[in-house]
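Working notes, structure below.
Below, chains carry the letters A, B, ... as their sequence lines are ordered, and counting in each starts from 1. As a basis for the values below, the full set of heavy atoms in this structure was taken, side chains included, without hydrogen atoms, waters or symmetry mates.
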Protein chains: 2
Amino acid sequence: MVDKEAFFQQIVAFTTAVHEVTHTFTKDIKPDDITPLQYGILEYLAVSQPVTLSQISDCKHISMPNTSREIRKLCEKNLCEKFDAADDRRKQMIRLSEEGQAMMNVAFARIGGRFLERMKGASEEEWKDIQQAMQVLHTKVFY
Amino acid sequence: MVDKEAFFQQIVAFTTAVHEVTHTFTKDIKPDDITPLQYGILEYLAVSQPVTLSQISDCKHISMPNTSREIRKLCEKNLCEKFDAADDRRKQMIRLSEEGQAMMNVAFARIGGRFLERMKGASEEEWKDIQQAMQVLHTKVFY
DNA sequence: GCATCTAGTTATCAAATGATAACTAATGAG
DNA sequence: CTCATTAGTTATCATTTGATAACTAGATGC
């Protein structure tokens, strides 16, 4: 049998480490004129665009009024833009503007660079192991 | 060769999933009378106590004045306590109080329960795979 | 013994975030 | 058609968090 107590300790240590590393890799990336919450929204947009306000609200756990406010600010900074959904005239779709897309490309490239830097000594086999490991955890625990 | 672009996509998707799952597993755990920041400090204490204020400040990326303030609030709520370090009379060591320890035990048990629930169908072999996967990522990427 | 450094505190201010009420407009059910 | 529901907005307020300056007390270098 597995030792569930030890297993849980391991989960805590692991998730803490993931938070810590992503934090240090991300903290000095975002431009000074956007807040952490706004950066989180832009990251979500970069991965999932186009999305509705309601989707942002659900996925990022931000109330609708606050989501509306933050999106308005991002639009004012010309980082994203709204357009009407074809199927339902109540819906507002959001996507990154060209400027926003360019900004996120730069941010992602820098973060990616840091991960690559961290793993530059890895052998072909280690890369495979790491990818395999992420796949296992992604499908079985963190989905 | 590994496809580094795809690899990075995978990292982003994976870390996002870890954040998402830990968030949903943790959000309704903390008592209403402590803030998210305070909960984070308590979690850190539970894992690393006893620690100094400076250690909390460093590890949780909170300025010393703000760390001092939050610790004072936690002490006022009887969740942690200060005591003097033996070696240096400037240092204040912090540890959970009995009440704080009890609170974190409950919180951790509930979070642990949710992970176990999520993995209740897993075979002996899958458990091994998952532990193995965490170990790989913890040592090679998230350290 | 004096200057300098480290650990922590207190007070204060500004900004970011969370929460709620009251609203408009479009959709969908009956 | 009418009523309930959904998507989003605006305004407002409270709380949380971040940032800085000015301070005390103990340690450390020389």
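Taking atom CD1 of B/Ile62 as the reference point, atom C1' of C/dT9 lies 16 Å away to the nearest angstrom. We find that CD1 of B/Ile71 is positioned 9 Å from P of C/dT9, with the value rounded to whole Å. Here C/dT6 presents its C1' atom at 14 Å from CD of B/Gln92, a figure rounded to the nearest Å. Distance CG (A/Leu53) to P (C/dA26): 16 Å, rounded to an integer number of Å. Nucleotide C/dA15 holds its C1' atom 14 Å from the CG atom of A/Asp32, rounded to whole Å. The distance from atom CD of A/Glu70 to atom C1' of C/dA15 is 12 Å, rounded to the nearest whole Å. Atom CG of A/Asp84 is separated from atom P of D/dG8 by 11 Å (rounded to the nearest Å). Between the NZ atom of B/Lys27 and the C1' atom of C/dG18 there is a distance of 15 Å, rounded to whole Å.
Between B/Asp84 and B/Arg90 there is no salt bridge, since no side-chain N of the basic residue sits under 4.0 Å from a carboxylate O of the acidic one.
Phosphate proximity of C/dT9 to B/Lys82: present, with a side-chain N or O under 4.0 Å from OP1 or OP2. Using a 4.0 Å cut-off, some side-chain N or O of B/Thr35 falls inside it from OP1 or OP2 of D/dT17.
Contact of A/Arg90 with C/dT27 (side chain to base): no donor-acceptor pair of N or O atoms is detected under 3.5 Å. For a distance-only test at 3.5 Å, the side chain of A/Arg89 fails to qualify as a donor-acceptor partner of the base of D/dG8.
One distance of note links CD of A/Gln92 with CD1 of A/Ile56; it measures 11.0 Å at 0.5 Å rounding.
Under the 30°/60° scheme for interplanar angles, the aromatic rings of A/Phe115 and B/Phe8 are found to be tilted. Below 30°, between 30° and 60°, or above 60°: for A/Trp127 and B/Phe7 the angle between ring planes is above 60°, a perpendicular geometry.
Heavy atoms of A/Thr52 sit under 4.0 angstrom from primed sugar atoms or phosphate atoms, though from no base atom.
Out of C/dT20, C/dG8, D/dT9, the shortest distance to the side chain of A/Met64 is found at D/dT9. Taking every side-chain heavy atom of B/Pro65 into account, D/dT20 is the closest of D/dT20, C/dA19, D/dG8.
Annotation: of the two residues near DNA chain C, B/Arg72 and A/Asn66, the 5′-most nearest-nucleotide partner is B/Arg72. Take the nearest nucleotide of DNA chain D for A/Arg69 and for A/Met93: the residue whose nucleotide is more 5' is A/Met93. Nearest-nucleotide positions on DNA chain C place B/Asp88 closer to the 5' end than the other of B/Asp88 and A/Lys73.
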Salt bridge (Lys or Arg N to Asp or Glu O under 4.0 Å), that's the test. Do B/Glu117 and B/Lys120 meet it? Break it down for me. CA-CA 5 Å; B/Glu117 171 71 16; B/Lys120 64 173 183 287; 3.1 Å; yes
